[in-house]
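One structure is given here, and the rest of the page talks about it.
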Amino acid sequence: MSLLRLLLHEAHYCLRDPRRFIFLFLASMIYMFIFGVLYNPGMVKSIPTVSFNEDGSRLGRHYLQQLEDNDSYETIEDVASLEDLQQSLLNHRAYIGVMIPRRFAEDAKQGRQTSVLFLIDGQNLVTTSIAARDGETVTEKFSNRLAAKQLSLRLGVDETYLLHKIEPMHTTLRVLGNPTQDYSWFFLIGLATAAFQQGLFFAAAATLFQKETLAIESLPFGVRIAAKVLFVYLMALVSFGLMLTVMHEVLELPLRAGTFELFGIGAAFSLAVVGLGFLAAGLFPTELSFVCVSLVYPVMGFVLSGYTWPSLAMPHAIQLFADIFPQTWFMNTFRDLLLIGGTYQLQEHLLVLLLMGAVLMPAACWSARRRLRKIRRESLLA
């Protein structure tokens, strides 16, 4: 039986056992749609905030209004004491508490330094960093405008002129690749590729452990393994193309790199992952045992890849350990291609993935051959 007929046999088997199509095509789709809705509109806004104006002054109310005008904050309640402020955070009714201290207005008018207390629920680092960053920005701008206004009244000089003297420089922020700092662009790419990889693992195991007819089992192991590996790899390429299409056409993520670069890195990554999947699956006695153990890998590989926590902040030994995973060489490069349009590391990472595939594929064939022999031996004994 020719290789082409065996490929058609694998396709026919997939129609009878839709698990592989689910693993290959729906895993990343489900992740993208679920988290696409979850991270819409892509930014964290209107964080619940409670305030306590102990000073009771007009200046304190004006400061709180400036805070309310910032998109990151939404004041849900004005409380009467610091204890109530703290209790609101402990009860998780609010994530941020803002306290205007007593003598706030008087100290500001007399030129004495004063402060605004921010209490932040630190359990969620995203809201914590946003609250701290925007709180400092609002306070700095409010403080500078207040100083310029007071000096203007005292010296009779134009307030705008004084503001430029007090604040002679400012920061211009230009974020490359993700100018709006959209969380969906960041997380969707990572989660979709992690699900895509896990789908390839499951599909490899399902293909390896599928029950064959006597006619197929009588064929040489080499051609059977070649058909199984090639079929999963070809379906992986189709799945990768579908994932890119959904990202761009449905979820409106940018595809700034060319098709050749995107499919080049995707094909190399798929080669390494399919090889790793067949290699690992062949080492387990059953498909279920492989699936249970393989569920450990996505989280570990996702974290160690440097996609969320940067590799440069990891211990050197961990960085070296992470280099054995295909995700490490793919995910950040893939994100750069999508959002920026290129990366100087593309050729290096592409070469590493191809070398991984070249090493893993022979090992995968050995492992699959070993497993198929055991399956044939067990079927003959039965």
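Starting from 1, each residue takes its place in the sequence as its number.
Across every non-hydrogen atom of R370 and G282, the tightest pair is NH1-O, 3.4 Å. Taking each heavy atom of L353 and A268 in turn, the nearest pair found is CB-CB, 3.8 Å. Across all non-hydrogen atoms, the minimal contact from F278 to K228 is CZ-O, 3.8 Å. Taking all atoms of both residues into account, the shortest heavy-atom contact from H92 to D121 is ND1-OD2, 3.3 Å. When all heavy atoms of P101 and T114 are compared, the pair lying nearest together is CG-OG1, 4.0 Å. Here the shortest heavy-atom pairing between S51 and T75 reads OG-CG2, 4.1 Å.
No donor-acceptor pair closer than 3.5 Å links the side chain of S46 to the backbone N or O of Y73. The backbone N or O of G135 sits less than 3.5 Å from a side-chain atom of T139, completing a donor-acceptor pair. With hydrogens and angles disregarded, a donor-acceptor distance shorter than 3.5 Å links the side chain of S270 to the backbone of G266. Proximity of a side-chain donor or acceptor of T137 to a complementary backbone N or O of R133 within less than 3.5 Å is detected. S294 contributes a side-chain N or O that, together with a main-chain N or O of V291, makes up a donor-acceptor pair within less than 3.5 Å. Judged by distance alone, with hydrogens and angles left aside, the side-chain atoms of Y307 form no donor-acceptor pair with the main-chain N or O of M331 at under 3.5 Å. One N or O on the side chain of D55 and one on the backbone of R103 form a donor-acceptor pair closer than 3.5 Å.
Under a hydrophobic clustering in which Ile, Leu, Val, Met, Phe, Trp and Tyr are joined whenever their side-chain heavy atoms come within less than 4.5 Å, directly or via other members, F263 and L271 fall into the same cluster. Under the 4.5 Å side-chain heavy-atom criterion for ILVMFWY residues, a single connected hydrophobic cluster contains both V293 and L304. Hydrophobic clustering of Ile, Leu, Val, Met, Phe, Trp and Tyr side chains at less than 4.5 Å, counting indirect connections, unites F334 with W309. No chain of hydrophobic side-chain contacts below 4.5 Å, direct or via other Ile, Leu, Val, Met, Phe, Trp or Tyr residues, connects L64 to L89. A continuous path of hydrophobic side-chain contacts links Y95 to V126 [ILVMFWY only; heavy atoms under 4.5 Å].
For Q65, the CD atom counts as densely surrounded, since its 6.0 Å shell holds more than 12 non-hydrogen atoms of other residues, nucleotides or ligands. Residue-environment remark: CZ (R145) stays at or below the threshold of 12 foreign heavy atoms within 6.0 Å. For R154, the CZ atom is loosely surrounded, since the number of other residues' heavy atoms within 6.0 Å does not exceed 12.
Inter-residue side-chain proximity for L244 and L255 is flagged as met; some heavy-atom pair is nearer than 4.5 Å. Side-chain contact between V116 and F142 is absent, with no heavy-atom pair separated by less than 4.5 Å. Side-chain atoms of L339 and P254, non-hydrogen and from C-beta on, do get closer than 4.5 Å to each other. Contact check for M99 versus L119: no side-chain heavy atoms found under the 4.5 Å cut-off. Side-chain contact check for R93 versus P48: every heavy-atom pair is 4.5 Å or farther apart. A 4.5 Å side-chain heavy-atom check between V274 and L360 finds every atom pair outside the cut-off. Taking 4.5 Å as the limit, every side-chain heavy atom of Q197 sits out of range of all side-chain heavy atoms of F330. Counting only heavy atoms from C-beta outward, the side chains of F325 and S305 never approach each other to under 4.5 Å.
Side-chain contact check for Q66 and N70: no donor-acceptor pair (N or O, by modelled atom type) lies under 3.5 Å.
Aromatic ring pairs are classed by plane angle as parallel below 30°, tilted from 30° to 60° and perpendicular above 60°; the pair F196 and F240 is tilted. Ring planes of F201 and F290: perpendicular class, angle over 60° (limits at 30 and 60°).
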Starting from the C-alpha separation in whole Å, work towards a yes-or-no answer on side chain to side chain contact (heavy atoms under 4.5 Å, CB included) for F302 and T308. CA-CA 8 Å; F302 188 70; T308 53; 3.5 Å; yes
Kindly determine whether L253 and I189 satisfy side chain to side chain contact (heavy atoms under 4.5 Å, CB included), including the steps that lead there. CA-CA 9 Å; L253 267 70; I189 296 170; 3.5 Å; yes
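The distance from the OG1 atom of T207 to the CZ atom of R224 is 12.5 Å, given to the nearest 0.5 Å.
Residue D107 forms a side-chain hydrogen bond (donor to acceptor under 3.5 Å, both in side chains) with just one option from R112, Q113, R102, and that option is R112.
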